[in-house]
Protein chains: 2
Amino acid sequence: MSTIRVVLAEDQAMILGALAALLETEADLTVCARAANGRQALEAVAAEHPDVLVTDIEMPEMTGLTLAAEVRARHPQTQVVILTTFARPGYLRRALEAGARGYLLKDRPAAELANAVRRVRRGERVIDPDLAAEAWASDPDPLTERERQILWRAGEGRSGAEIATELSLSEGTVRNYLSEAISKLGAANRIEAARIARQKGWL
Amino acid sequence: MSTIRVVLAEDQAMILGALAALLETEADLTVCARAANGRQALEAVAAEHPDVLVTDIEMPEMTGLTLAAEVRARHPQTQVVILTTFARPGYLRRALEAGARGYLLKDRPAAELANAVRRVRRGERVIDPDLAAEAWASDPDPLTERERQILWRAGEGRSGAEIATELSLSEGTVRNYLSEAISKLGAANRIEAARIARQKGWL
DNA sequence: GGACAGGGGTGACAGATGTCATGGGTGTCT
DNA sequence: AGACACCCATGACATCTGTCACCCCTGTCC
């Protein structure tokens with residue numbers, strides 16, 4: 001049985017190194033590249049054609065969810081495992097839609113990571129069991145992609161005019177999307193809407 | 001030269017395991033106990049009398065800062081290294097007051113952890129250089145207590161009117177405080193102001 | 001006593017934000 | 001072909017937000 005080649009993506013350098021050390025203690029696994037953000041990870045996957053990509057979600061340049069979708073589309077021989085702090089059903093759902101085969105929480109015992117990598121390489125799905133149960137019970141993400149983009153920027157403190165310029169839209173359109181998002185989320189204003197969406201894992 | 005004995009405290013099990021694997025790759029270090037929260041860590045230190053305790057800050061049961069103070073008082077032969085995500089001058093200051101000898105960010109390269117452990121065992125202080133510089137240069141909290149209260153609520157999405165009712169103030173006064181806070185923080189609006197204040201650890 | 005920081009307030013005004021009605025376009029599914 | 005979801009836009013309107021110029025009262029420190 002040949003060794004499983006893994007690319008690791010994680011923005012906190014020390015955690016990246018520690019996870020690499022953890023995987024390297026397994027005789028049948030090898031970390032062939034490390035990435036500090038989504039863009040780097042995509043380049044590494046293109047260069048190395050690994051069996052498995054293990055990636056965090058919240059990273060600069062490109063989130064792990066976007067990354068998973070890109071890898072699925074461009075390098076289907078590489079299986080994706082999401083490794084994150086966040087037990088948010090919305091994240092899990094989006095991860096699976098993006099084509100990820102594994103979704104693991106950083107809360108789980110360290111031994112599970114290597115097992116998840118092995119199982120995913122064999123074509124199995126590995127989903128955190130607690131989270132999987134919760135995910136089916138929870139309401140689906142009501143936001144469209146545009147609403148998400150705009151609400152995210154509003155949550156960072158950007159004004160309607162700034163967002164309009166940034167996305168090449170009219171101010172009125174931005175206001176409409178925000179109004180729509182606010183009403184969908186049952187919020188009183190953009191700030192509360194962003195807070196709710198973040199907490200549910202929809203942002 | 002004898003091996004350095006380390007106790008590790010970190011609430012995310014997988015990160016705990018990964019950091020342990022990282023330290024175990026160093027020939028002169030050994031992880032003699034692991035803890036998932038502050039109380040466990042204190043018990044482990046009492047039982048093992050390690051040379052160094054490496055601990056996260058945000059943990060259940062007892063925070064790393066309280067833990068550092070306890071260890072300093074009850075087991076002075078054990079040096080404490082804080083390992084955290086948060087580059088907040090306020091945390092650093094409190095950590096040093098609690099008697100920690102090291103303050104390291106999870107952003108730093110993995111190799112620095114082992115070095116920090118070695119240097120702290122030798123009695124040296126190891127402070128993240130960027131953060132140390134920032135802590136001295138960093139402007140003290142410019143917000144008054146009222147401004148903090150109001151800005152915090154605004155950051156949660158409450159409107160001026162709601163905040164006024166909640167704190168028994170007039171709407172105009174709330175607007176004045178927010179305006180003052182926005183200008184002190186160099187923000188463009190309340191959302192950005194809240195973001196900046198949170199990030200600096202002032203909220 | 002005067003200067004100064006903080007708390008609390010008013011009124012006025014410009015500009016940002018939220019809502020609604022209404023229009024257009026695309027693509028997909030039945 | 002029609003229904004539907006999503007994208008994008010305009011105009012009008014009311015309300016919220018941010019700023020500024022003033023005002024008062026308190027306590028503290030020189």
Side-chain angles (χ1 to χ4, degrees), chain A residues 65-66 69 73 90 93-94 96-99 139-203, chain B residues 139-200 202-203:
Chain A
L65 297 172
T66 313
R93 187 162 311 196
R94 284 204 278 153
L96 294 180
E97 281 164 10
D139 17 51
D141 184 345
L143 300 176
T144 69
E145 201 46 43
R146 259 312 194 211
E147 287 163 354
R148 198 189 325 287
Q149 284 175 19
I150 290 174
L151 185 56
W152 181 79
R153 283 167 173 80
E156 295 289 295
R158 306 236 236 302
S159 72
E162 284 171 321
I163 298 172
T165 307
E166 211 173 325
L167 299 179
S168 304
L169 295 173
S170 84
E171 275 191 58
T173 302
V174 171
R175 279 216 298 287
N176 285 341
Y177 280 126
L178 278 171
S179 180
E180 189 57 26
I182 289 166
S183 118
K184 278 181 178 175
L185 298 175
N189 54 52
R190 56 179 69 189
I191 316 178
E192 199 186 344
R195 213 174 50 74
I196 293 171
R198 250 193 295 266
Q199 183 236 316
K200 295 256 193 181
W202 295 335
L203 228 51
Chain B
D139 10 54
D141 186 343
L143 300 176
T144 70
E145 202 45 43
R146 263 307 195 215
E147 286 163 356
R148 199 189 325 286
Q149 284 175 19
I150 292 174
L151 186 55
W152 182 79
R153 284 167 173 79
E156 295 291 294
R158 307 238 234 302
S159 72
E162 284 172 320
I163 297 172
T165 307
E166 210 174 326
L167 299 179
S168 304
L169 295 174
S170 84
E171 277 191 58
T173 303
V174 171
R175 279 217 299 287
N176 285 342
Y177 280 125
L178 277 172
S179 180
E180 190 57 25
I182 290 166
S183 115
K184 278 181 178 176
L185 298 175
N189 55 51
R190 54 180 69 192
I191 316 175
E192 201 187 340
R195 216 174 47 75
I196 293 171
R198 251 192 294 267
Q199 183 235 319
K200 294 257 193 181
W202 294 334
L203 228 51

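Hydrogens, waters and symmetry mates are skipped; everything else that's a heavy atom, side chains included, is used. Chain letters run A, B, ... following the sequence lines, proteins first and then strands; every chain starts at 1. Everything numeric in this text was worked out from a predicted model, so none of it was measured.
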Identify each atom pair where a protein N or O and an N or O of nucleotides 18-20 of chain C are less than 3.5 Å apart, giving names and distance.
from	atom 1	to	atom 2	distance (Å)
dG18(C)	OP1	R190(A)	N	3.0
dG18(C)	OP2	R190(A)	NE	2.6
dG18(C)	OP2	R190(A)	NH2	2.8
dG18(C)	N7	R175(A)	NE	3.1
dG18(C)	O6	R175(A)	NE	3.4
dT19(C)	OP2	S179(A)	OG	3.1
dC20(C)	N4	N176(A)	OD1	3.0

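Non-hydrogen atoms lying under 4.0 Å from DNA chain C are contributed by L169(B), S170(B), all within residues 151-170 of chain B. If you check residues 192-203 of chain A against DNA chain D, you find no residue with a heavy atom closer than 4.0 Å.
For the pair E145(B) and R148(B), the salt-bridge criterion is met [side-chain N within less than 4.0 Å of a carboxylate O].
In the helix from dG1(C)-dC30(D) to dT30(C)-dA1(D), the terminal helix axes, each the rotation mapping four pairs' C1' atoms onto the next four within five end pairs, subtend 30°, rounded to 10°.
You can see that DNA chain D meets the heavy atoms of chain B within a 4.0 Å-exclusive cut from dT17(D) to dC20(D), reading 5' to 3'.
Here the side chains of T144(A) and K184(A) are in contact, with some heavy-atom distance below 4.5 Å. Within the 4.5 Å cutoff, side-chain heavy atoms of L151(B) are placed close to those of L185(B). A 4.5 Å side-chain heavy-atom check between L167(B) and T173(B) finds every atom pair outside the cut-off.
Rounded to the nearest 0.5 Å, atoms CD (E180(B)) and CD (E147(B)) are 5.5 Å apart. The distance from the CZ atom of R146(B) to the CD atom of Q149(B) is 4.5 Å, given to the nearest 0.5 Å. Note that the CZ atom of R175(B) and the CZ atom of R190(B) stand 9.0 Å from one another [nearest 0.5 Å]. Rounding to the nearest 0.5 Å places CD1 of I163(B) at 13.0 Å from OH of Y177(B).
Here the closest heavy-atom approach between residue N189(A) and residue S159(B) is recorded as ND2-N, 4.5 Å. The two residues A154(A) and L178(A) make their nearest non-hydrogen contact at CB-CD2, 3.9 Å.
Position along DNA chain C of the nearest nucleotide to E171(B) versus K184(B) favours K184(B) as the more 5'-ward residue.
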Donor-acceptor pairs are to be reported for all side-chain atoms of residues 192-203 of chain A against protein atoms at under 3.5 Å, with residues two or more places apart or in another chain.
from	atom 1	to	atom 2	distance (Å)
E192(A)	OE1	A188(A)	N	3.1
R195(A)	NE	E156(B)	O	2.9

